[in-house]
Amino acid sequence: MNVDNKISEYYDKLLKRNAGEPEFHQAVSEVLDSLKIVLGKDPHYADYGLVERLCEPERQLIFRVPWIDDNGQVQVNRGFRVQFNSALGPYKGGLRFHPSVNLGIIKFLGFEQIFKNSLTGLPIGGGKGGSDFDPKGKSELEIMRFCQSFMTELHRHIGEYRDVPAGDIGVGGREIGFLFGQYRRLANQHESGVLTGKGLTWGGSLVRTEATGYGTVYLTAEMMRTHGEALSGAKVIVSGSGNVAIYAAAKAQEHGATVVAMSDSSGYILTPEGVDVDLLKDIKENRRERINSYAQEAGVKFVEGGNIWEVEADVALPCATQNELDGESAQLLKNNGVRYVAEGANMPCTPDAVHVFREAGIAFAPGKAANAGGVATSALEMQQNASRDSWSFAYTDERLKQIMTRIFVNVSTTAAEYDREGDYVAGANIAGFKKVADAMLAQGVI
Ligand code: NDP
């Protein structure tokens, strides 16, 4: 059977075994597409059921999370942890608290994480977790009680050498604090390496908060340099206004770009003169308000329910959520002159959008490469925890920058090696895959 047929047959089986998980199908389909190129050249990567094993999580945990709200009512949420692949190191990946969370979403994120973590060059496997808990509108005590209940089950499945969760949508420094406190209490030890994204006085790393957004911009700058352009003077759209978006906007402006629009799920703001990052941080991080407050306080326009991708720009950084940028929006970007897109979020661009970018010659960096700075810095946090050390901001930031540059060079040279010059999707999938695949083949059928 030829490679294309083999992969199609395998994908059909996967669809049947994982029914009702469209995001997981989407993530696998994209990787399998790139694997056709690898298997055509290096057929041994199909040996020992490697592809089938790669797409099947090593372990999937689903658990009840009961907690008591401020009115004394019992609430029940569902918790997940998908421990996808530990061939390269302990499972590593964030926890997402959002009402849209289900097993398929966590599996898509965990699957992507395998390749992303491989690309960082650091010894970390892939995993992801979370809950359908909605932190919006909850009091701090409700969030604390939820986190404590979530960790009461999760604690028996994680550990410095086993599985090291971090934050994601809805899980920031405050939530990591509550989760770590409960872990420490249950495990009866201060095992700082069990979670990353910790506070700076109890094992956290400088730059971790900024890392994903900064990393996306470092990689974008490198990509633009390769194409003979620079961020300085460029107009940039950054979707979202959470952790990734804020620091992507901050770093893009440090590079001399102007961030012309940002958003949340209620609409977008137009900021033709650039974003006041200090004001944005105060509104989002301290006061936990919506992007609309920024518009009111900064006196800029807020477009309620609008599509941020209709704004004119040179660079687009989708930093909010999966499938936020579809084919139609990609057409808008193309018509408005966007030449570079880098995914700060996980899988924000639909396959149709990626197709439009490819046809239009728009340079496109997929999330596996472009947002790997967060997990890379988490791995640097683990290194500091293991050596009981803490590094300076400048040193850690420099390490992050080097990692992001190395990722881009690896992705770009791998694409060229497989006759896909400029196809950073193929480059990221192939480079990420080969390292994990070599480790899995060396470790036998497990
Ligand atoms: P946050 O919870 O801090 O922020 C998410 C932001 O996205 C919020 O502004 C939210 O707005 C907005 N958003 C969510 N859904 C939509 C939507 N449908 N349309 C427009 N805006 C929306 O999460 P993070 O910044 O941590 O994560 C963002 C993305 O980056 C996710 O895909 C995550 O998986 C990915 N990522 C995060 C990493 C990290 O280190 N944090 C690492 C690597 C990837 P609202 O408040 O209205 O919901």
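For ligands, and for the atoms within them, numbers begin at 1 and follow the listed sequence.
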Assess the pair [X] and [Y]: is the distance between their ring centroids shorter than 6.0 Å?
{"X": "Tyr424", "Y": "Phe408", "result": "yes"}
{"X": "Phe302", "Y": "Tyr294", "result": "no"}
{"X": "Phe111", "Y": "Phe84", "result": "yes"}
{"X": "Phe97", "Y": "Phe150", "result": "yes"}

Amino acids contacting ligand 1, non-hydrogen cut-off under 4.0 Å: Arg96, Lys136, Asp168, Ile169, Gly170, Arg208, Thr212, Gly240, Ser241, Gly242, Asn243, Val244, Asp264, Ser265, Arg290, Cys319, Ala320, Thr321, Gly344, Ala345, Asn346, Asn371
Spatial distance of atom CE (Met347) from atom CD (Gln322) [nearest 0.5 Å]: 6.5 Å
Salt bridge (Lys or Arg N to Asp or Glu O under 4.0 Å) against Glu297, all qualifying residues, sequence neighbours excluded: Arg287
